[in-house]
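Down below is the structure, laid out as structure tokens.
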Amino acid sequence: MEVIGDLPRELFLEILLRLPAESLMRCKYVCKYWHSLITNPKFIQLHLNYNYNNNVCVLLKRCLVTCLGQKENLLSLVCGNGFSFENLDVDLSLYRKEPCLQLLGHCDGIICLSNYRDYILLCNPATRESMVLPESCLPCYPWIRNLISQTTGLGFGYDAKSHCFKVVRIVSYWEELRGSNVPHFSRAEVYSMGTDSWKEINVTVPAHVRYSPCFETYFNGAFHWYAMDDNGNEVILSFNMQGNEEFQVIPMPSFISMHDHSICRSLLVWNDCIALVIYPERGIEKSFEIFVMKEYGVKESWTNVLTIGPLTRVERPLVFRKNDEILMEGSHGQMMSYNLRNKEVKDLPIYGVPKSFSTLVYVNSLVSVKGGNQMLDQRDNTGIFLFVFLNTLLVHVDIYANFC
């Protein structure tokens with residue numbers, strides 16, 4: 001068996017694959033061979049696949065109050081069975097004191113952040129690499145009197161057909177003197193990392209996006225928002241990030257009362273399905289009803305599978321960390337965990353300004369936000385790919401001794 005120093009080749013690569021991205025970013029400066037290996041798109045893909053299978057964490061955005069009484073945003077990772085967490089040293093200078101900062105999706109270690117007004121930021125917290133997207137290509141219609149524009153929907157995802165990260169933006173236009181909360185019309189544009197530019201898509205936006213806490217979700221290659229259609233029905237509006245770039249309206253369950261404004265709706269991903277959580281906006285005790293769409297896009301497949309509670313001191317659900325565990329925000333700004341099996345509630349040592357929490361399921365990666373490495377489809381045959389990669393890349397590993 002050929003070796004690198006005292007290590008077999010295969011063991012050397014397996015060790016590198018298990019290192020976090022932060023450590024690999026330092027390792028690539030050890031020598032030319034390590035730099036070539038760690039920056040290779042195939043190695044980046046293998047490292048990403050390993051973390052998807054072994055090291056999935058929760059990325060948390062929250063606000064903290066400084067000693068001067070100012071609110072600042074902070075990104076943290078919640079990992080492991082013991083709920084260990086670490087604060088990330090990420091430059092959020094554009095958004096550090098932005099009270100409306102939103103996490104808008106995660107793909108392959110890259111996250112999207114925005115305040116819904118001006119800047120949209122792509123960031124890899126592990127590599128500390130970030131990029132502000134170019135300005136919108138949509139017109140503001142300054143020549144139309146009393147018409148105002150507003151970004152109502154933003155979403156981030158991955159197009160597996162073109163192997164490209166994308167951001168979708170919905171802009172709605174209101175007549176200022178109309179006195180209605182329904183926009184006059186809406187338009188949509190898509191940013192592609194491959195071209196580093198926006199393009200308007202010639203499609204009809206079939207519903208109007210509305211805010212609902214913890215609802216915006218990326219799943220199944222599509223981004224989802226809470227919305228109202230032209231008939232006043234509450235729906236889920238989705239945008240397919242794949243090649244066709246189309247909107248779809250997904251009906252809400254018909255057997256629950258959706259027009260009660262004292263009820264909140266959150267959309268999460270649970271057991272590889274879309275899960276709708278219904279719960280009261282206020283109250284000392286709250287119960288959380290969970291409806292699962294067992295067949296994606298089919299209204300009749302909505303099923304009421306579980307009711308959590310009543311629970312005290314709980315404000316809202318955040319994310320399913322595991323299939324049997326959900327993280328929730330407490331009423332006083334602390335993070336809590338609820339175990340679906342033993343119905344146990346735990347207070348976690350993570351605190352923030354109340355209602356400032358937002359979360360994403362996250363994996364550590366080396367993927368660049370600059371588009372310098374195009375990723376492969378996650379559904380590719382990874383086993384064959386690994387075999388070919390090991391037998392083509394490592395055959396040249398003897399140059400290691402010449403460079404190190």
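These values consider heavy atoms only, across backbone and side chains, with no hydrogens, waters or symmetry-generated copies.
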*State the CG-OG1 distance between Leu103 and Thr359, to the nearest 0.5 angstrom.*
8.0 Å
*Do side-chain atoms of Glu189 reach the backbone of Cys137 as a donor and acceptor pair under 3.5 angstrom?*
yes
*Distance-minimising heavy-atom pair for Trp270 and Ala275*: CB-CB, 4.0 Å
_Taking the basic N atoms (NZ, or NE/NH1/NH2) and the acidic carboxylate oxygens, is any pair closer than 4.0 Å for Glu14 and Arg18?_
yes
*Determine the sole option in Leu306, Leu268, Asn304, Leu276 for which the side chain to side chain contact (heavy atoms under 4.5 Å, CB included) test with Ile290 is passed.*
Leu306
*Kindly say whether Ile263 contributes a backbone atom to a donor-acceptor pair with the side chain of Arg265 at under 3.5 angstrom?*
yes
*Shortest non-hydrogen contact from Phe357 toward Gly352*: CZ-N, 3.6 Å
_Close side-chain approach of Lys346 and Tyr338, heavy atoms under 4.5 Å_ = no
*Within the 6.0 Å centroid threshold, strictly below: Trp302 and Phe291*: no
*asked:* Is there a side-chain contact between Tyr191 and Asp196 in this structure, where contact means two heavy atoms from C-beta onward sitting under 4.5 Å apart?
replied: yes
*Once you round to the nearest 0.5 Å, how far does CG of Leu24 lie from OG1 of Thr127?*
11.5 Å
*Gly153 to Trp225 - nearest heavy-atom pair and separation*: CA-NE1, 3.8 Å
*Any sub-3.5 Å donor-acceptor pair from Asn271's side-chain atoms to Cys273's backbone N or O?*
no
*Where is the tightest heavy-atom contact between Asp347 and Met336, given as atom of each residue plus distance?*
OD1-CE, 3.1 Å
*Could you check Glu129 against Ser368 for side-chain hydrogen bond (donor to acceptor under 3.5 Å, both in side chains), going step by step and ending with a plain yes or no?*
CA-CA 7 Å; Glu129 188 182 48; Ser368 172; 3.1 Å; yes
*Identified salt bridge (Lys or Arg N to Asp or Glu O under 4.0 Å) partner of Glu329 from the options Arg313, Lys286, Arg316*: Arg316
*Got Trp198 and Leu133 here, is their nearest side-chain heavy-atom distance under 4.5 Å?*
yes
*Counting heavy atoms not belonging to Asn202, are there more than 12 under 6.0 Å from its CG?*
no
_So, taking the atom named CZ in Arg341 and the one named CG in Asp324, what distance separates them when rounded to the nearest 0.5 Å?_
4.5 Å
*Indicate the atoms forming the closest heavy-atom contact of Thr39 with Ile44, along with that distance.*
O-CD1, 3.9 Å
_We want to know whether Tyr52 and Asp108 form a side-chain donor-acceptor pair, criterion being a heavy-atom distance below 3.5 angstrom._
yes
*Working for side chain to side chain contact (heavy atoms under 4.5 Å, CB included), residues Asn364 and Asn55*: CA-CA 8 Å; Asn364 185 281; Asn55 295 321; over 6 Å; no
*When you look at Val205 and Leu237, which way does the side chain to side chain contact (heavy atoms under 4.5 Å, CB included) test go after all the steps?*
CA-CA 9 Å; Val205 183; Leu237 177 66; 4.2 Å; yes
*Option passing side chain to side chain contact (heavy atoms under 4.5 Å, CB included) with Phe320 (candidates Leu327, Leu340, Val58)*: Leu340
*Strictly under 6.0 Å, is that where the ring centroids of Phe239 and Phe223 end up?*
no
*Heavy atoms from other residues, nucleotides or ligands near CG of Asp272 exceed 12 (cutoff 6.0 Å)*: no
*Inter-residue atom distance Met241.CE - Asn220.CG, 0.5 Å rounding*: 12.5 Å
*Minimum heavy-atom distance between Gly109 and Pro125, given as atom pair plus value*: O-CD, 3.5 Å
_Thr303 (side chain) donor-acceptor with Val305 (main chain) under 3.5 angstrom_ = no
*Please state whether the rings of Phe185 and Tyr173 are parallel, tilted or perpendicular, taking 30° and 60° as the class boundaries.*
parallel
*Decide yes or no on side-chain hydrogen bond (donor to acceptor under 3.5 Å, both in side chains) for Asn240 and Gln248, but give the supporting numbers first.*
CA-CA 8 Å; Asn240 190 348; Gln248 177 185 0; over 6 Å; no
